Number of protein chains: 2
Amino acid sequence: MRSTTLTPGARRILDVASALFYERGIHAVGVDTIAAESGVTKRTLYDRFGSKDALVVAYLAERDRRWRDRVVAALDGAPDDPVSRVDAVFAVLAAGTAESSRGCSFINAAAEFPDPDHPARTLVREEKQWLRERLVEALAGVADAERVATTLLLLHEGAFVVLSAAQDPDAVPAARSAARAVVQDAVGR
Amino acid sequence: MRSTTLTPGARRILDVASALFYERGIHAVGVDTIAAESGVTKRTLYDRFGSKDALVVAYLAERDRRWRDRVVAALDGAPDDPVSRVDAVFAVLAAGTAESSRGCSFINAAAEFPDPDHPARTLVREEKQWLRERLVEALAGVADAERVATTLLLLHEGAFVVLSAAQDPDAVPAARSAARAVVQDAVGR
DNA sequence: GCTAGACTACACAGACCTGTGAAGGAGGGG
DNA sequence: CCCCTCCTTCACAGGTCTGTGTAGTCTAGC
């Protein structure tokens with residue numbers, strides 16, 4: 001399911017599906033709509049992806065990969081101290097949420113798929129777990145890094161929700177500065 | 001739409017709809033299923049509630065009312081200091097999430113309804129805003145109460161998400177103790 | 001030239017969706 | 001007794017859902 005192996009039609013399908021799933025919700029978008037908007041027949045869609053479920057997984061997997069790339073790039077470019085490194089993660093959050101107010105595609109997907117064993121849910125778990133591991137790494141040398149990382153993850157995910165569900169535009173900046181305070185406190189102890 | 005004005009059939013419909021909407025997601029549950037499970041015909045459902053959308057709003061409104069009642073009761077029973085009062089709010093979160101791992105019905109509903117002007121979304125906004133106001137009140141006398149309340153709301157909502165989407169059973173206890181630390185820090189300054 | 005892959009067109013299946021129309025039964029209050 | 005509310009039964013409209021079957025076209029590479 002690497003992007004380089006996607007045929008041109010499949011590429012268009014995935015692009016269109018990604019936009020529609022994210023903007024309108026997964027259950028709210030039918031395969032007919034996706035096919036039509038991609039300028040492709042339903043037959044092609046099923047030939048490329050096999051099922052709507054598999055298309056949903058491809059959608060989440062791609063968003064996952066792109067978000068991880070952004071986080072990795074931000075961490076690579078950040079000064080090598082815990083405060084800066086954690087702030088880099090929250091800078092990605094700020095940049096990412098500036099593009100849309102629909103929140104986190106993984107959180108939204110989890111809300112739509114109650115079954116914890118659904119492949120989409122596995123992806124969601126892994127994404128959040130991966131982010132938490134990056135936070136623990138960013139806190140290298142800080143006392144109680146595991147506990148602090150959990151607090152930071154709570155602030156990070158809370159920001160997504162308070163922004164998209166509660167529609168508070170201050171959510172992300174507030175989370176970012178709260179995170180900074182938490183790390184500074186943990187470092188200075 | 002007060003519960004005392006609901007006819008017996010309507011009461012059953014709303015109970016069944018609440019359980020199904022919460023467990024399976026709103027779009028995933030059809031009115032046929034709700035009517036059948038309530039031992040009622042679709043005709044009755046539409047006579048009582050008018051539309052599925054209105055039933056969804058009734059579902060959220062009732063959950064909202066019940067959650068608020070629990071928070072108010074917990075705050076009433078808590079010692080009159082910021083740490084205890086804030087902890088009471090998080091105790092309700094702990095008790096509420098112990099009952100199910102499907103997370104927050106309002107967050108989930110927001111994920112399913114992209115239109116911010118949908119009546120369900122208005123309810124969601126009001127619920128989170130109300131909770132934030134209770135937190136500000138609980139922080140009476142604390143310096144920078146508004147900012148601290150936002151941080152606490154982020155931890156509160158983050159706990160819902162990290163529990164339900166990331167399925168981390170430690171999310172709520174971690175949020176509760178982080179909240180306690182935040183308040184203690186703000187008080188002791 | 002031949003073949004394989006990508007894609008089109010389009011009908012169809014079978015289920016499910018929200019919502020309505022018509023007709024009537026049961027029971028209580030005026 | 002009559003009316004009102006609540007609720008029932010059942011058919012139906014009009015649409016959407018995921019997914020498949022059949023048949024055929026175009027293009028690139030061997």
Side-chain angles (χ1 to χ4, degrees), chain A residues 1-60 108-109 111-115 118-121, chain B residues 1-60 109 111-115 118-120:
Chain A
M1 202 61 75
R2 297 237 289 290
S3 63
T4 51
T5 68
L6 288 184
T7 63
R11 183 68 265 163
R12 288 203 310 278
I13 291 167
L14 187 49
D15 286 342
V16 166
S18 293
L20 293 178
F21 285 158
Y22 185 62
E23 293 300 329
R24 303 187 198 169
I26 294 170
H27 286 334
V29 176
V31 289
D32 289 278
T33 306
I34 295 168
E37 297 264 314
S38 316
V40 141
T41 59
K42 247 190 324 176
R43 203 72 189 84
T44 302
L45 189 154
Y46 277 95
D47 282 347
R48 292 303 132 241
F49 293 96
S51 69
K52 184 185 178 180
D53 250 38
L55 181 56
V56 169
V57 169
Y59 148 67
L60 290 173
N108 294 347
E112 292 206 61
F113 292 94
D115 175 12
H118 191 286
R121 291 295 302 275
Chain B
M1 200 63 70
R2 296 236 289 289
S3 64
T4 50
T5 68
L6 288 184
T7 63
R11 181 69 264 163
R12 286 203 312 278
I13 292 167
L14 186 49
D15 286 343
V16 166
S18 293
L20 293 179
F21 285 157
Y22 185 62
E23 293 301 328
R24 303 188 199 169
I26 294 170
H27 286 335
V29 177
V31 289
D32 289 277
T33 306
I34 296 168
E37 297 263 312
S38 315
V40 140
T41 59
K42 246 190 326 175
R43 204 73 191 82
T44 302
L45 189 154
Y46 277 95
D47 282 348
R48 293 300 133 245
F49 292 95
S51 71
K52 185 185 178 181
D53 249 40
L55 181 56
V56 169
V57 169
Y59 149 66
L60 290 174
E112 292 207 63
F113 292 93
D115 176 13
H118 191 285

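Sequence lines set the chain letters: A, B, ... in the order given, protein chains first and strands last, and positions in each chain run from 1. From a predicted model like this one, the values you see are computed outputs, not experimental measurements.
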State, yes or no, whether a side-chain contact exists between [X] and [Y] at a heavy-atom distance under 4.5 Å.
| X | Y | value |
| --- | --- | --- |
| A:F21 | A:N108 | no |
| B:R11 | B:L14 | yes |
| B:T44 | B:R12 | no |
| A:V40 | A:V16 | no |

Verdict with reasoning, A:V29 to A:E37, per side-chain contact (heavy atoms from CB on, under 4.5 Å): CA-CA 11 Å; A:V29 176; A:E37 297 264 314; over 6 Å; no

Using only atom types and a distance under 3.5 Å, with no angle test, would you say the side chain of A:H27 pairs donor to acceptor with the backbone of A:E112?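 Yes: the side chain of A:H27 pairs with the backbone of A:E112.
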
Under 3.5 Å, side chain of A:R121 to main-chain N/O of A:F113, donor-acceptor pair present?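 Yes, A:R121 side chain to A:F113 backbone: donor-acceptor pair under 3.5 Å.
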
Range on DNA chain D touched by chain B - first to last nucleotide, heavy-atom distance under 4.0 Å: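 First-to-last contact on DNA chain D, by the 4.0 Å heavy-atom rule, is D:dC6 to D:dT9.
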
Minimum heavy-atom separation for B:A17 to B:L55, with atom names?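 Taking B:A17 first and B:L55 second, the nearest heavy atoms are CB-CD2, 3.9 Å.
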
Taking only side-chain nitrogens and oxygens of A:T7, does any of them come within less than 4.0 Å of OP1 or OP2 of C:dC7?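 Yes.
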
List the protein contact pattern of nucleotides 13-30 of chain C with one symbol per nucleotide (5' to 3'): B for base contact, S for sugar-phosphate-only contact, - for none; contact means a heavy-atom distance under 4.0 Å. ----SBBBBB--------

What integer distance in Å separates A:L6:CG from C:dC7:P?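 Nearest whole value for this atom pair: 10 Å.
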
